[in-house]
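A short worksheet on the structure shown next.
Note: hydrogens, waters and symmetry copies are ignored here, and every other heavy atom, side chains too, is used.
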Amino acid sequence: MIPLESSLENIDGSFQTVDRLFNEVGFNLGGGYEYDHGYYDKALDWEENKEHQAYLRVPVTAIEGSIGTRQAVLRIGKPFVLMHKFRKGPAKNTSTGLLSGSFNQFTEPVDKDAGIDKKWLERAQSELNQLERRFNQKL
């Protein structure tokens, strides 16, 4: 994980506005968000076999209400770049029972903090600059 400096850090906005601005430039609110915090992600390696291992991630915290609701107010945190190297094939030490297989579809990353190539850092900075411009135009 490599943190990036950003003018977006500590900006507050309504959930609807923040979500729309992130979505307009290709970020998605990660499905594992909680009521009080979450992450907007953008894959950086879209042309690399669609495996999506390099991401620009921007954390958000609900300072009012709950994430996903109209009345929520979000504060943007410090963006960072991360690599997720995933296993090929089945994960070791997993149960393959019918019930387990129904729920545990995804393997854990091999290395959540894998090394990050310079090209992903450069692309992350470019994508972050685009996001900052979008926020500056609309907020």
Side-chain angles (χ1 to χ4, degrees):
M1 175 179 102
I2 297 178
L4 300 174
E5 294 301 318
S6 175
S7 62
L8 296 177
E9 193 172 352
N10 295 316
I11 287 181
D12 299 343
S14 72
F15 171 76
Q16 290 178 304
T17 300
V18 169
D19 189 61
R20 179 178 44 81
L21 292 173
F22 272 102
N23 290 327
E24 286 175 354
V25 291
F27 284 79
N28 295 307
L29 181 60
Y33 70 88
E34 301 287 331
Y35 72 95
D36 64 340
H37 70 278
Y39 299 93
Y40 281 92
D41 293 329
K42 184 165 188 177
L44 300 171
D45 54 350
W46 52 80
E47 72 276 86
E48 301 284 325
N49 301 324
K50 305 288 187 226
E51 291 182 4
H52 301 314
Q53 295 181 1
Y55 288 90
L56 172 56
R57 177 168 276 184
V58 183
V60 292
T61 304
I63 58 173
E64 291 180 28
S66 297
I67 291 181
T69 63
R70 290 178 182 235
Q71 58 273 32
V73 175
L74 304 183
R75 177 166 292 148
I76 299 173
K78 186 172 211 54
F80 58 94
V81 181
L82 75 156
M83 288 290 293
H84 276 255
K85 297 234 180 209
F86 291 93
R87 289 180 179 87
K88 303 281 191 219
K92 294 181 180 179
N93 301 325
T94 59
S95 171
T96 57
L98 178 60
L99 188 59
S100 174
S102 299
F103 295 104
N104 299 326
Q105 308 174 43
F106 304 103
T107 62
E108 283 293 313
V110 172
D111 184 356
K112 292 180 183 179
D113 294 320
I116 300 171
D117 291 340
K118 183 178 177 184
K119 72 178 180 178
W120 303 133
L121 292 173
E122 290 171 353
R123 184 171 286 176
Q125 190 61 59
S126 175
E127 294 295 331
L128 183 57
N129 292 344
Q130 180 183 358
L131 180 64
E132 289 171 338
R133 283 191 300 275
R134 191 72 181 153
F135 268 80
N136 288 334
Q137 291 171 354
K138 299 293 181 171
L139 279 184

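- The structure places CG of L56 at 8.5 Å from NZ of K42, a figure rounded to the nearest 0.5 Å.
- Atom CD1 in I67 sits 6.5 Å away from atom CG in L29 (nearest 0.5 Å).
- A donor-acceptor pair is defined here as one N or O able to donate and one able to accept, closer than 3.5 Å; no such pair exists between the side chain of D19 and the backbone of F15.
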Could you walk me through whether V81 and M1 pass the side chain to side chain contact (heavy atoms under 4.5 Å, CB included) test, one step at a time? CA-CA 6 Å; V81 181; M1 175 179 102; over 6 Å; no
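- Under a 4.0 Å N-O distance rule, the pair R75/E9 does not qualify as a salt bridge.
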For K138 and E24, run salt bridge (Lys or Arg N to Asp or Glu O under 4.0 Å): C-alpha distance rounded to whole Å, both residues' side-chain angles, the deciding distance at 0.1 Å, then the answer. CA-CA 11 Å; K138 299 293 181 171; E24 286 175 354; 5.6 Å; no
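- Without hydrogens or angle criteria, D45 side chain to Q53 main chain gives a donor-acceptor distance under 3.5 Å.
- Annotation: the span from S7 atom OG to L128 atom CG amounts to 7.5 Å, rounded to 0.5 Å.
- Between the CH2 atom of W120 and the CG atom of L82 there is a distance of 13.0 Å, given to the nearest 0.5 Å.
- Although no hydrogens or angles enter the test, the distance criterion places a donor-acceptor pair under 3.5 Å between the side chain of S14 and the main chain of T17.
- Using a 4.5 Å cut-off on side-chain heavy atoms (C-beta onward), I76 and N10 make no contact.
- Judged by a 6.0 Å distance limit and a 45° cone about the ring axis, R57 is not positioned over the six-membered ring of F80.
- To the nearest 0.5 angstrom, D36 atom CG is 12.5 Å from I63 atom CD1.
- Between the CG atom of L8 and the CG atom of N136 there is a distance of 7.0 Å, given to the nearest 0.5 Å.
- Between F22 and F135, the ring planes lie perpendicular to each other; the angle is over 60°, past the 30° to 60° tilted range.
- A salt bridge does not link E127 with R123: every distance from a Lys NZ or Arg NE/NH1/NH2 to an Asp or Glu carboxylate oxygen is 4.0 Å or more.
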